[in-house]
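Handing you a structure now.
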Amino acid sequence: MGKASEKAAYYLVRVYPDGSAKWAIRDEAGMQSWLEYNRENRWGNALFVDGKLASPKDNGQLTPEEIAIIETAITDELERGLHDLSKPERIGPQVEYFGGMRDTWMGYRPEPNRAAFDIHDRVPSPIS
């Protein structure tokens, strides 16, 4: 029997330093797996769960001001019902082959892109 307070699904967003982002909708176990994977393999990116920074150590390379902008934007999207959290993404038997390597994507599809966050005006350094 599950916990009464457990949510059906969580909206997860990984934000790159330039403001581009990927998203996923997962159940509790899927969220924990997503956080663990991203903390271990995608360091430098900020991680958000339901519009809040996942933890203070998950800020990536973003400033507190940039994090506040993103939290406000995601929270607004969730309040307006723009993301269906009625059920998590299903775990499927997806298997892909890259050369001689087999990758199951942890049973989930690859995360799709979402609209980037306009958090700052970063200009590439000129090549000298």
Side-chain angles (χ1 to χ4, degrees):
M1 183 169 167
K3 299 177 199 168
S5 63
E6 189 172 300
K7 292 178 55 169
Y10 297 86
Y11 184 61
L12 311 172
V13 179
R14 178 175 70 240
V15 181
Y16 296 86
D18 67 356
S20 61
K22 303 272 189 178
W23 65 275
I25 296 175
R26 306 274 171 87
D27 62 12
E28 178 75 28
M31 175 190 62
Q32 294 302 330
S33 172
W34 183 87
L35 287 169
E36 180 181 321
Y37 173 82
N38 282 286
R39 286 173 178 155
E40 202 171 293
N41 299 294
R42 302 279 186 182
W43 47 270
N45 298 312
L47 307 177
F48 295 84
V49 176
D50 289 341
K52 299 292 178 202
L53 189 65
S55 78
K57 68 181 179 179
D58 293 318
N59 63 336
Q61 298 176 27
L62 302 181
T63 67
E65 294 79 17
E66 293 165 342
I67 290 167
I69 290 168
I70 294 167
E71 286 180 335
T72 299
I74 296 172
T75 298
D76 178 64
E77 292 172 3
L78 291 169
E79 288 174 355
R80 292 189 297 144
L82 299 181
H83 307 289
D84 180 7
L85 300 181
S86 63
K87 61 183 179 196
E89 296 173 33
R90 70 177 186 81
I91 299 174
Q94 178 179 0
V95 176
E96 296 185 18
Y97 295 91
F98 300 99
M101 191 172 75
R102 180 175 180 229
D103 191 348
T104 62
W105 293 93
M106 300 179 294
Y108 294 101
R109 65 182 171 81
E111 298 164 342
N113 294 326
R114 60 151 285 141
F117 296 97
D118 186 15
I119 52 175
H120 45 66
D121 295 321
R122 286 200 179 181
V123 178
S125 300
I127 298 174
S128 40

Spacing of CZ belonging to Arg42 relative to CH2 belonging to Trp34, to within rounding of 0.5 Å: 10.5 Å
Beyond-backbone contact of Val13 with Lys22, side-chain heavy atoms, under 4.5 angstrom: no
Check: Arg114 and Glu77 side chains under 4.5 Å, non-hydrogen atoms: yes
Ile25 vs Leu85, side-chain contact (heavy atoms from CB on, under 4.5 Å): CA-CA, chis, key distance, verdict: CA-CA 7 Å; Ile25 296 175; Leu85 300 181; 3.9 Å; yes
Phe48-Leu78 co-clustered via ILVMFWY side chain contacts under 4.5 Å: yes
Glu36 vs Gln32, side-chain hydrogen bond (donor to acceptor under 3.5 Å, both in side chains): CA-CA, chis, key distance, verdict: CA-CA 6 Å; Glu36 180 181 321; Gln32 294 302 330; over 6 Å; no
Leu35 vs Val49 side-chain heavy atoms within contact, under 4.5 Å: yes
Geometric class of the Tyr11/His83 ring pair [parallel <30°, tilted 30-60°, perpendicular >60°]: parallel
Where Pro17 and Gly44 come nearest, the two heavy atoms and their spacing: CG-O, 3.6 Å
Shortest non-hydrogen contact from Ala9 toward Pro88: CB-N, 3.7 Å
Non-neighbouring partners of Glu71 that pass salt bridge (Lys or Arg N to Asp or Glu O under 4.0 Å), sequence neighbours left out: none
Steps toward side-chain contact (heavy atoms from CB on, under 4.5 Å) verdict (Phe117, Ile69): CA-CA 8 Å; Phe117 296 97; Ile69 290 168; 5.6 Å; no
Donor-acceptor pair, side chain of Glu89 and main chain of Arg26, under 3.5 angstrom: no
Heavy-atom closest contact (Asp50 atom, Ile74 atom, distance): C-CG2, 4.4 Å
Asp58/Asn38 under side-chain contact (heavy atoms from CB on, under 4.5 Å): CA gap, chis, key distance, verdict: CA-CA 9 Å; Asp58 293 318; Asn38 282 286; over 6 Å; no
Salt bridge (charged side-chain N to carboxylate O under 4.0 Å, His left out) partners of residues 79-88, not counting sequence neighbours, each pair once: Asp76-Arg80
Test item: Ser33 side-chain N/O and Ala29 main-chain N/O as donor-acceptor pair under 3.5 Å: no
Heavy-atom side-chain contact between Leu53 and Asn59 under 4.5 Å: yes
